[in-house]
Amino acid sequence: MTTTLLSTAGELHARACAGRRAVVMTMGALHEGHATLIRTARAIAGRDGEVVVTVFVNPLQFGAGEDLDRYPRTLDADVKLAGESGADVVFAPAVDEVYPGGEPQVRITAGPMGERLEGASRPGHFDGMLTVVAKLLHLTRPDVALYGQKDAQQLALIRRMVRDLNFGVEIVGVPTVREEDGLALSSRNRYLSPAERRTALALSSALFAGQDRHAAQEALRARAREVPATRARAEALSAIGESRAAADAHAVATAVPGGPAAVRAAARQVLDEAARLDPPLVLDYLALVDPSDFNEIGDGFTGEAVLAVAARVGTTRLIDNIPLTFGAAS
């Protein structure tokens, strides 16, 4: 596929598109995770549609001491990967194309959800992110925009912005892509030394440990629901030697240490061990939250949840998450 590189919104608007336009927004340094987003966009847009990949390193998303200048710029390689993955256009505007009057005086505010977790660790980050997403949605005029679930809080805030401010665009989340060892694909992985990478695997290992604990709990709850608390059933279970197993299932499924608390504990154990490695993992946060508002969930919670982690290894900050479903909704 021939992929066209454009740098102005005027050039993009002049293109004719018979079908749906699907946009994948990136800051460049594309990898297989981005390629998955682009291939998904291609499938959604169809043969008659158009896939646009934006490449823009947004200065508003970087706080003091963060890696704006260090962030990798690999436009030639990005155009090549985008084309191989099915993109029709790479839209790589200059800063003055996106912010023609300098830094915008009017910005999108992320609100309370944007002050938690990533927002608490990186003040102002989500305001800058939502502002540039809003700008790029206007500049590219898509029917659908795709974002990775690895940035779960970002995805939730974009969905909220689009709903609250009546943007006429469909938002699609695409599952996290991982390397063979489990590490979530990220442009920042290239900063890790071999020793740091070994330590960084604790992020995904912690999430998988929490997931395994959750799966065991849900299996026990399912078994408990299948064992009615009646005298006749208890007698029947006793007769075939299952009464103890049923009692254990009920006890584990309803015990206070179970549920979200047990999931957090299983994940934290892995992270605590990684804190003693050389080099150590320095935990920023571990959270089990409701994806609608990113508040921590309680023990009686049922429905969709996100187990999220952020940590530093050396000078590199990494994030990861995994979706879970609790209770009757599973």
| task | Under the side chain to side chain donor-acceptor pair (under 3.5 Å) rule, collect the residues that match up with R107, sequence neighbours excluded. | result | E103

| field | Heavy-atom side-chain contact between Y191 and V313 under 4.5 Å | value | no

| Taking it one step at a time, do L6 and T4 satisfy side-chain contact (heavy atoms from CB on, under 4.5 Å)? | CA-CA 6 Å; L6 302 177; T4 302; 3.6 Å; yes

| field | Pairwise side-chain contact, F56 with V132, heavy-atom cut-off 4.5 Å (strictly under) | value | yes

| message | Just to verify, what does A35 make a side chain to side chain contact (heavy atoms under 4.5 Å, CB included) with, not counting sequence neighbours? | response | E32, R39, L81, S85

| field | Pairwise distance CZ(R141) to SG(C17) - rounded to 0.5 angstrom | value | 13.0 Å

| said: If you apply the rule side chain to side chain donor-acceptor pair (under 3.5 Å), what do you find for D127 with T109, and how did you get there? | reply: CA-CA 5 Å; D127 291 356; T109 300; 4.7 Å; no

| query | Just wondering, do T54 and T140 contact through their side chains at under 4.5 Å, heavy atoms? | reply | yes

| Which pair of heavy atoms, one from P104 and one from Y99, lies closest together, and at what distance? | CD-CD2, 3.6 Å

| query | Is H214 reaching over with its side chain to a backbone N or O of T325, donor-acceptor style, under 3.5 angstrom? | reply | yes

| request: Output all residues satisfying salt bridge (Lys or Arg N to Asp or Glu O under 4.0 Å) with D96, sequence neighbours left out; order by chain, then residue number. | output: none

| task | Would you please test R73 and V57 for side-chain contact (heavy atoms from CB on, under 4.5 Å) and show each step? | result | CA-CA 8 Å; R73 273 80 165 174; V57 181; 3.7 Å; yes

| request: Inspect the contact between D88 and R42 and indicate whether a charged nitrogen and a carboxylate oxygen are less than 4.0 angstrom apart. | output: yes

| request: Consider only side-chain heavy atoms of I, L, V, M, F, W and Y, link residues closer than 4.5 Å, and tell whether V282 and I319 are in one cluster. | output: no

| message | For a 4.5 angstrom cut-off between non-hydrogen side-chain atoms, does V89 reach T3? | response | no

| said: Checking the side chain of N321 only, and the main-chain atoms of K150 only, is there a donor and an acceptor separated by less than 3.5 Å? | reply: yes

| task | For the pair D143 (side chain) and R21 (backbone), establish whether a donor and an acceptor sit closer than 3.5 Å, ignoring hydrogens and angles. | result | yes

| request: May I ask you to test the L12-V52 pair for a side-chain heavy-atom distance under 4.5 Å? | output: yes

| Out of curiosity, R160 CZ to L155 CG, how far, rounded to the nearest 0.5 Å? | 13.5 Å

| field | Student check: side-chain heavy atoms of V309 and L283 closer than 4.5 Å | value | yes

| task | Check the hydrophobic clustering (I, L, V, M, F, W, Y; side-chain heavy atoms under 4.5 Å; chains of links allowed) and say if V174 and L136 are grouped together. | result | no

| task | Using a cut-off of 6.0 Å, state whether more than 12 heavy atoms not belonging to D76 lie near its atom CG. | result | no

| query | Which residues satisfy the side chain to side chain contact (heavy atoms under 4.5 Å, CB included) test with A145, sequence neighbours excluded? | reply | L137, Y147, V169, I171

| said: Could you go through L146 and M25, starting from their C-alpha distance and side-chain angles, then the distance that decides it, and tell me whether this counts as side-chain contact (heavy atoms from CB on, under 4.5 Å)? | reply: CA-CA 7 Å; L146 297 89; M25 296 184 185; over 6 Å; no

| Any residue meeting side chain to side chain contact (heavy atoms under 4.5 Å, CB included) with R178, in chain and number order, not counting sequence neighbours | T176, A184, S204, L207, F208, D320

| said: Do I44 and V23 sit in one hydrophobic cluster, given that two such residues count as connected whenever their side-chain heavy atoms are within less than 4.5 Å of each other, even indirectly? | reply: no

| Do the side chain of T131 and the main chain of I108 share a donor and acceptor less than 3.5 angstrom apart? | yes

| said: Treating D78 as the side-chain partner and L30 as the backbone partner, does any N or O pair qualify as donor plus acceptor under 3.5 Å? | reply: yes

| Nearest heavy atoms of A156 and P291, plus distance in Å | CB-O, 3.6 Å

| query | Between CZ of R190 and NE2 of H31, what distance do you get to the nearest 0.5 Å? | reply | 8.0 Å

| Closest non-hydrogen atom pair, F326 against E218 | CA-OE2, 3.9 Å

| Nearest non-hydrogen partners of V270 and S205, listed with the distance | CG1-CB, 3.9 Å

| note | Closest non-hydrogen contact found for A87 with V53 is CB-CG2, 3.7 Å

| field | T199 side chain to L281 backbone, donor-acceptor under 3.5 Å | value | no

| Ionic contact status for R20 with E170, cut-off 4.0 Å | yes

| field | Within one Ile-Leu-Val-Met-Phe-Trp-Tyr cluster: I158 and V24, side-chain cutoff 4.5 Å | value | no

| task | Report the C-alpha separation of E97 and K135 in whole Å, then their side-chain angles, then the decisive distance to 0.1 Å, and conclude whether the salt bridge (Lys or Arg N to Asp or Glu O under 4.0 Å) test is met. | result | CA-CA 10 Å; E97 175 73 11; K135 294 274 286 184; over 6 Å; no

| said: Between Q153 (side chain only) and M113 (backbone N and O only), is there a donor and an acceptor less than 3.5 Å apart? | reply: yes

| task | For R15, check side chain to side chain donor-acceptor pair (under 3.5 Å) against everything at least two apart and list the hits. | result | E50

| Test item: V162 and V133 side chains (from C-beta on) under 4.5 Å apart, heavy atoms | no

| Criterion side-chain contact (heavy atoms from CB on, under 4.5 Å) on L288 and L324, from CA distance to verdict | CA-CA 9 Å; L288 184 54; L324 301 172; 4.1 Å; yes

| task | Starting at OH of Y285, measure out to CG of L271 and round the result to the nearest 0.5 Å. | result | 12.0 Å

| For E11 and T8, what are the C-alpha separation, side-chain angles and deciding distance, and is it a side chain to side chain donor-acceptor pair (under 3.5 Å)? | CA-CA 5 Å; E11 293 171 318; T8 71; 3.2 Å; yes

| field | Exercise: identify the closest heavy-atom pair between G148 and L37 | value | N-CD2, 3.8 Å

| NZ/NE/NH1/NH2 to OD/OE distance under 4.0 Å, R264 and E296 | yes

| query | According to a 4.5 Å side-chain heavy-atom criterion applied to Ile, Leu, Val, Met, Phe, Trp and Tyr, with indirect links allowed, do L75 and V98 form part of one hydrophobic cluster? | reply | no

| Looking at CZ of R122 and CG of L117, how far apart are the two atoms once the value is rounded to the nearest 0.5 Å? | 13.0 Å

| Gap separating the CG atom of L183 from the CG atom of L318, nearest 0.5 angstrom | 6.5 Å

| query | Does CZ belonging to R163 count more than 12 external heavy atoms closer than 6.0 Å? | reply | yes

| task | Salt-bridge test for E179 and R197: reply yes if a basic N is under 4.0 Å from a carboxylate O, no otherwise. | result | yes

| Does a side-chain heavy-atom distance below 4.5 Å link L307 with P323? | no

